[in-house]
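Have a look at the structure below before the remarks.
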Amino acid sequence: MKILAIDDQKLILIPLKKRLLELGYDVKTETNAFEGMKLYDSFQPDLVIVDMNMPTISGMEVIDYIRNSKKPSTSVIVLSGNTDDKMITKGFDLGIDDYMKKPLSLNEICVRVKRLIGAPENIVSIEKQNNLIIKERCVGVVIPCYNEEKRLLSKEFTSFIDENSGYHLCFVNDGSTDKTLDVLNNLRNGREDFITIYNCEKNGGKAEAVRQGMLHMANFKDLDYIGFLDADLSTDLLDFDDLVSTIEKSNFKIVSGSRITRMGANITKESARKIISLTINFIIRKILSMDFKDTQCGAKIFHKDVIDIAFKEKFITKWLFDVEIFLRIKKHFKIEKAREMMCEKPLKRWIHADGSKLSMKDSIKIIGQLGQIAWNYRVKKKKDSTLIGKMKMEEFSITLNN
């Protein structure tokens, strides 16, 4: 029994193909809808699973092509995040057999496939399979690592991507002097489609490691959002997934985790660190002219179209690149628009991890670095404004002389 799956997101197709192959089906996949239609003609599948929202050619056009082909009775299942009633109705009018809305479990997809076209004789029991969730969106996560050999929670990362589709983890080895790179290579082994290692030979600091990782992941065409997360998982992956859910269900371009102490949340900090954090946060709010509760949480997610604005240029400071990101967004879009684009999402859990690279001495230095940021961005802005004004005056003088 042959199945063809067409979806522009490779991270969705990989686990789907793997599971259907395990169940005994003959499976081919394609990320390009046009190439998918050509493959349909040569492969002659019993079932086509197709996404609705694809670039260039829509899923609806693929369905129409199948229904007007030499084998118009081919079974068709739509697997899509599009929940528009008119679109679904049109799909059934064209003769689709089922419509599955993401997110949903891989087990449910397999049950529906079995109901529609039957099961191979050597089928493995679906109940014995892991219940992976097929997500609607694809997300890149950058995890900066410096000497994380003993602290890296490899099992938590691998378990998460085994149970949640649509995630691609990019570990940035920031010139580690221990065996961090070996740990990362072992972690990636067998999961090469979902884990990337970006190796920096020299230590450049967290800010540069995150920046390099974000720009690297921006080259992955099938990602909708890209974010970053601390390697110690002070913010866990399930909380990060909540940040992703917030950005995909809104018009926000940036969603930042916030370590606000509140009822029902497990937020722990050292008392001295907490006092310094409050002081730093007060200064940051003044610099940004925005009422951020917590800019420094190491968990943030970005819409792909603001990555270049936020990360193209190197950051001034080692630890306060988060503040610089917000200043860059504010400068590019102006303050009112920037406020509409950014959101803080309270975390359910944040635990201060032992062995943090940020010492109390570093925390005190941060106050001076804040002054450096304020001066650089304010002076640069004034210089830019002066230059623009001078250019306009020169143009005006030339016009008068002519």
Looking at [Y] and [X], is any side-chain nitrogen of the basic one under 4.0 Å from a carboxylate oxygen of the acidic one?
X	Y	value
Lys206	Asp230	yes
Arg137	Asp241	yes
Lys300	Asp322	yes
Asp97	Arg67	yes
Lys10	Asp222	no
Lys102	Asp7	yes
Lys253	Asp305	yes

Measure up the [X] and [Y] rings against each other and bin them: parallel (under 30°), tilted (30 to 60°), perpendicular (over 60°).
X	Y	answer
Phe228	Phe321	tilted
Tyr198	His216	tilted
Tyr65	Tyr40	perpendicular

message = Do Lys2 and Phe43 form a cation-pi contact, if we require the NZ or CZ to be under 6.0 Å from the six-membered ring centre and within 45 degrees of the ring's axis?
response =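 Yes, Lys2 sits over the ring of Phe43.
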key: Centroid-centroid under 6.0 Å between Phe311 and Phe302 rings   = yes
ask   = What distance separates Glu156 CD from Asp236 CG, expressed to the nearest 0.5 Å?
value =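 That separation rounds to 9.5 Å.
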Check for a donor-acceptor pair, side chain of [X] on one end and backbone N or O of [Y] on the other, with a separation under 3.5 Å.
X	Y	result
Arg151	Asp232	no
Glu30	Glu35	no
Ser165	Ile133	yes
Asn147	Thr180	no
Ser176	Asp178	no

